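All values below come from the heavy atoms of this structure, side chains included, with hydrogens, waters and symmetry mates left out. Source: prediction; values computed, not measured.
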Amino acid sequence: MNVEQLEETRWQLREAKQRFSEVVRRAYDEGPQIVTRHGQDVAVILGIEEYRRLKGEQPDFKEFLLSGPDLSALDLTRDKSSAMRGTDFEGIE
């Protein structure tokens, strides 16, 4: 991120309040938006994905499983053309 981009992410508190919808949209689309008061950084507006990533939140197990790839197109039938190898358990204690 260059200096010009960094400056674009900074909002004076008064302007951030007046243009809050834009600040939120840019946080979602472009990344963290820094809010300043009297020239000092005081807050950061983050998109929810970035917040969750930083917080380390994990989806619940059901969501995790449902978010996986669609496996319905896979052929999971067993190939029965080759004979199964037998196992001899004689002599095993």
Side-chain angles (χ1 to χ4, degrees):
M1 183 178 291
N2 63 36
V3 174
E4 292 170 0
Q5 289 173 320
L6 185 60
E7 289 304 314
E8 291 176 358
T9 65
R10 293 188 184 282
W11 301 81
Q12 292 179 4
L13 180 59
R14 179 177 298 157
E15 183 181 14
K17 288 193 298 187
Q18 292 170 350
R19 298 171 59 189
F20 187 69
S21 292
E22 182 180 352
V23 175
V24 170
R25 181 194 56 77
R26 288 181 63 180
Y28 179 80
D29 292 340
E30 300 171 18
Q33 304 294 301
I34 299 168
V35 179
T36 65
R37 182 174 51 199
H38 306 297
Q40 301 294 317
D41 296 347
V42 293
V44 177
I45 309 291
L46 299 173
I48 192 67
E49 292 87 6
E50 181 71 7
Y51 170 76
R52 287 181 177 147
R53 185 188 69 77
L54 291 171
K55 191 173 177 196
E57 285 185 11
Q58 299 292 326
D60 68 22
F61 190 63
K62 179 181 175 184
E63 286 179 38
F64 172 74
L65 291 176
L66 292 173
S67 70
D70 180 16
L71 302 177
S72 63
L74 292 178
D75 180 13
L76 299 176
T77 58
R78 183 176 182 168
D79 180 6
K80 297 180 181 179
S81 62
S82 60
M84 288 185 56
R85 181 174 57 148
T87 304
D88 181 15
F89 290 107
E90 263 188 54
I92 297 177
E93 295 180 30

Legend entry - Which atom of Glu30 lies closest to which atom of Arg25, heavy atoms considered: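 Heavy atoms of Glu30 and Arg25 come nearest at OE2-NH1, 4.3 Å.
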Legend entry - Ala27 to Ile45 - nearest heavy-atom pair and separation: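 Taking Ala27 first and Ile45 second, the nearest heavy atoms are CB-O, 3.6 Å.
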Inset, instruction - Check the hydrophobic clustering (I, L, V, M, F, W, Y; side-chain heavy atoms under 4.5 Å; chains of links allowed) and say if Ile34 and Leu54 are grouped together. - result: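 In one cluster with Ile34: Leu54, yes.
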Supply the atom-to-atom distance [X] [atom1] to [Y] [atom2], rounded to the nearest 0.5 angstrom.
X	Y	atom1	atom2	answer
Gln12	Arg19	CD	CZ	11.0 Å
Trp11	Gln18	CH2	CD	10.5 Å
Tyr28	Glu50	OH	CD	13.0 Å

Legend entry - Atom CZ of Arg37 with >12 non-hydrogen neighbours under 6.0 angstrom: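 12 or below, so no.
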Inset, instruction - Go through the structure and list residues passing side-chain contact (heavy atoms from CB on, under 4.5 Å) with Tyr51, not counting sequence neighbours. - result: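 Residues passing side-chain contact (heavy atoms from CB on, under 4.5 Å) with Tyr51: Leu46, Ile48, Lys55, Glu57.
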Inset, instruction - If a pair satisfies side chain to side chain donor-acceptor pair (under 3.5 Å) and one of its residues is in residues 38-48, list it, with sequence neighbours excluded. - result: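 For residues 38-48: Arg10-Asp41.
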Legend entry - Side-chain donor or acceptor of Gln33 paired with backbone N/O of Gly31 under 3.5 Å: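 Here the side-chain-to-backbone pair exists.
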Inset, instruction - Would you mind listing the cluster partners of Leu66? Hydrophobic ones only (ILVMFWY), side-chain contacts under 4.5 Å, chaining allowed. - result: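 Once heavy-atom contacts under 4.5 Å are chained together, Leu66 still belongs with nothing else.
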